[in-house]
Amino acid sequence: MNAVESEQMISESRLSRLDSKVFVIAITLTGFLLVMAIMGYFSYQRQLSIARAAGNELSRLIESDLQHNENFSDAVSMLYMRLKRGESGSVHVRQEFDRDSGIYGINLYADKPNNALEGTLQSVTPLTEDALLIAESIDMALKIENKDSRYSKMERRYFFSGDNHFIYITNKMPLSRFVFQHNNGKSHSMFTTPQSGVWLSQKLRAAPVTRNNAVTHVYIDSISNAPVITVRHPVWSRTKGGVVLGWLCFDYQQSELQEIVRSLGVSAQNNFLNVYLLDKQTNTEFRIAGKSSDGKETQVSINDRYDVIVTINTLRYYVTQKGRNDLMVLLLVALCFLAAYMICCNIIRAARERAQRDPLTGLYNRSWLHKLDQRKTKDNMTVVMIDCNNFKAINDTHGHAVGDSLLKHIGQLLRARLNSNSDYAVRMGGDEFLLVFEGSNVSQVRACMKRIESDIAMSSAKIPLTVSYGVTEVARGMSIYTAIALADTLMHNAKKDAKNPDA
Ligand SMILES: Nc1nc2c(ncn2[C@@H]2O[C@H](COP(=O)(O)OP(=O)(O)OP(=O)(O)O)[C@@H](O)[C@H]2O)c(=O)[nH]1
């Protein structure tokens, strides 16, 4: 092999080394990104399905509440009509006046065994006969309401608003929170909470907002100072389409809707959900739960007016337990790929190392030379080309196996004489060896070669073996291949001289 061929082989090997590294990195990165993409897709789908489930459930509950309110208002209308016609007995509710708050009130259904009060009807003006009939109807409707429904367990704020009267219906709450007030030593049956007395009279005295729509947009309630939507249902004096006596209005407060969100198993443990009610007509968002609006979004329609929007805060999703599992898997995948990358690199390094070794002698082979070429030539660098004399005859006489063990033995001898930190032995092929000395001058190298020659002669006494060699100092700036070629020529000259001592 000449120097040009060697150069070509070296640059090819350099290229393949680079290729294999780039290949491993590319495969690792592609695999990692692929797994990330697949996991991201499934994580995204899971987040969306959670959002969709929450949105569907919330819209279903709100819709059923709206339906419930409508049924309740229809029941009040029906009962009112019956009372008016004298079909449902007489009016039982009793109007009373609370001097402290200046409010007229009527007790509604009190569920004493369960310590629950449905509420009181309260008005700042004395209730007219018609208003008393409505109050009685509301009382009766409350009694026949399904007490087991989720709705009946919710705190409720609603009021009746007619042309001449505004009746507020207090919240459902435990009886124990009410104070039975006494008037002149006589038991006074009107319930008033000490905390809510002022609030109630304010609420009642505030002019009720006239609303033309069946559903209001989100507004801040003047008394409770909280965002509210009011849904109103007509109470009819005759059948539907007849005269409207007034409106039963149901306030949806943020806290109530939050309660619904909390009651959804899915959102109770996942604080990454942001839930909004979107008023489609005014394009107003009414936040029910959560803090931000970013993330995956899903929109579920409740009715013509409202949509539920659920978004998922991805960062929070990952911080909560469910997301943490995803992160752990992602981390494990990253570690697996890192391990795979390191293993691949090691395999390649070992294969490259093997490719630079001669399998018979364990010395470097010719392809290792490019390493030397890459390095800056050091001062005091000397190369020696060695070739065994008449090796063919040894093979022919003693057999190839003996020839092999001789070559192996020469390799050991060479290694034994070299300084492992600065000198290298290379099997160039067949019975040819190259020695590279870094840090020894030519005379030191020649002295070393004398010792190697005698080692070989002594150790192969049964099968006499000699070597020829050529020594060349690598001049500053000289290519290693040029030096090897020079040493090769010198070695051949020496061989010729040995064979023809007379010439
Ligand atoms: N046993 C063995 N023989 C080898 C191996 N590689 C090459 N040879 C033999 O080594 C011999 C080398 O021959 P040459 O260098 O051409 O000639 P030579 O007999 O050494 O004679 P000169 O070099 O002129 O002194 C050939 O017969 C090869 O077959 C090997 O790995 N093992």
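Counting starts at 1 for both ligands and their atoms, following the listed order. Index from 1, following the sequence. We use all heavy atoms of the structure for the numbers below, so side chains are in, but hydrogens, waters and symmetry mates are not.
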Inset, instruction - If you have a sec, work out which protein heavy atom is nearest atom 3 (N) of ligand 1 and how many Å separate them, to one decimal? - result: Asn395 ND2, 2.8 Å
Inset, instruction - Looking only at protein heavy atoms, identify the closest one to atom 19 (O) of ligand 1 and say how far it is in Å. - result: Lys392 N, 2.8 Å
Legend entry - For ligand 1, the portion of Leu406 having any non-hydrogen atom under 4.0 Å away: neither
Inset, instruction - Flag atom 1 (N) of ligand 1 as yes if some protein heavy-atom distance to it falls below 4.0 Å, otherwise no. - result: yes
Legend entry - Which residue and heavy atom of the protein sit nearest atom 24 (O) of ligand 1, plus the separation: Lys499 NZ, 2.8 Å
Inset, instruction - Around atom 6 (N) of ligand 1, find the nearest protein heavy atom and jot down its residue, atom name and distance. - result: Gly430 CA, 3.3 Å
Legend entry - side chain to side chain donor-acceptor pair (under 3.5 Å) partners of Thr361, counting only residues at least two apart: Asp358
Inset, instruction - Quick one: look at Ala401 and ligand 1, take heavy-atom pairs under 4.0 Å, and tell me if it's side chain, backbone, both or neither. - result: neither
Legend entry - Residue Asp387 vicinity, atoms of ligand 1 by number, heavy atom under 4.0 Å: 23 (O)
Legend entry - Electrostatic pair Arg349:Glu353 at N-O distance under 4.0 angstrom: no
Legend entry - For ligand 1, the portion of Glu432 having any non-hydrogen atom under 4.0 Å away: neither
Legend entry - Protein residue, atom and distance nearest to atom 22 (P) of ligand 1, heavy-atom basis: Lys495 NZ, 3.4 Å
Legend entry - Asn441 backbone acceptor or donor facing Gln444 side chain under 3.5 Å: yes
Legend entry - Ligand-residue contact atoms, ligand 1 with Cys388, heavy atoms, under 4.0 Å: 20 (O), 23 (O), 25 (O)
Legend entry - Closest protein heavy atom (residue, atom, distance) for atom 32 (N) of ligand 1: Asp404 OD1, 2.6 Å
Legend entry - Element-labelled atoms of ligand 1 that are located less than 4.0 Å from some non-hydrogen atom of Gly403: 1 (N)
Legend entry - Ion pair Lys408/Asp404, N-O distance below 4.0 Å: no
Inset, instruction - For Asp387 and Ser468, test the side chains for any donor-to-acceptor distance below 3.5 angstrom and give the result as yes or no. - result: no
Inset, instruction - Give the atoms of ligand 1, by number and element, whose distance to some non-hydrogen atom of Leu407 is under 4.0 Å. - result: 2 (C), 5 (C), 30 (C), 31 (O), 32 (N)
Inset, instruction - Ignoring hydrogens and angles, tell me if any N or O in the side chain of Arg417 forms a donor-acceptor pair with the backbone of Ile452 under 3.5 Å. - result: no
Inset, instruction - For residues Asp431 and Leu407, report the shortest heavy-atom separation together with the two atoms involved. - result: CA-CD2, 4.0 Å
Inset, instruction - Enumerate the atoms of ligand 1 whose separation from the nearest heavy atom of Asp431 is less than 4.0 angstrom. - result: 12 (C), 15 (O), 20 (O)
Inset, instruction - Please determine if Phe391 has a nitrogen or oxygen closer than 3.5 Å to a nitrogen or oxygen of ligand 1. - result: yes
Inset, instruction - Please verify whether a non-hydrogen atom of Arg427 lies at under 4.0 Å from ligand 1. - result: yes
Legend entry - Donor-acceptor contact below 3.5 Å, side chain Ser440 vs main chain Phe437: no
Legend entry - Atom NZ of Lys280: over 12 foreign heavy atoms under 6.0 Å: yes
Inset, instruction - Validate the cation-pi geometry between Arg427 and Tyr364: distance from NZ or CZ to the six-membered ring centre under 6.0 Å, angle to the ring axis within 45°. - result: no
Legend entry - Location of contacts on Val402 toward ligand 1, heavy atoms closer than 4.0 Å: neither
Inset, instruction - Please confirm whether the backbone N or O of Ala355 pairs with a side-chain atom of Asn365, one donor and one acceptor, at under 3.5 Å? - result: yes
Legend entry - Closest approach of Gly403 to Phe391 (non-hydrogen atoms, all atoms of both residues): O-CZ, 3.3 Å
Legend entry - Under 4.0 Å to a heavy atom of Asn389 - the qualifying atoms of ligand 1, by number: 25 (O)
Legend entry - Distance flag for atom 16 (O) of ligand 1, protein heavy atom under 4.0 Å: no
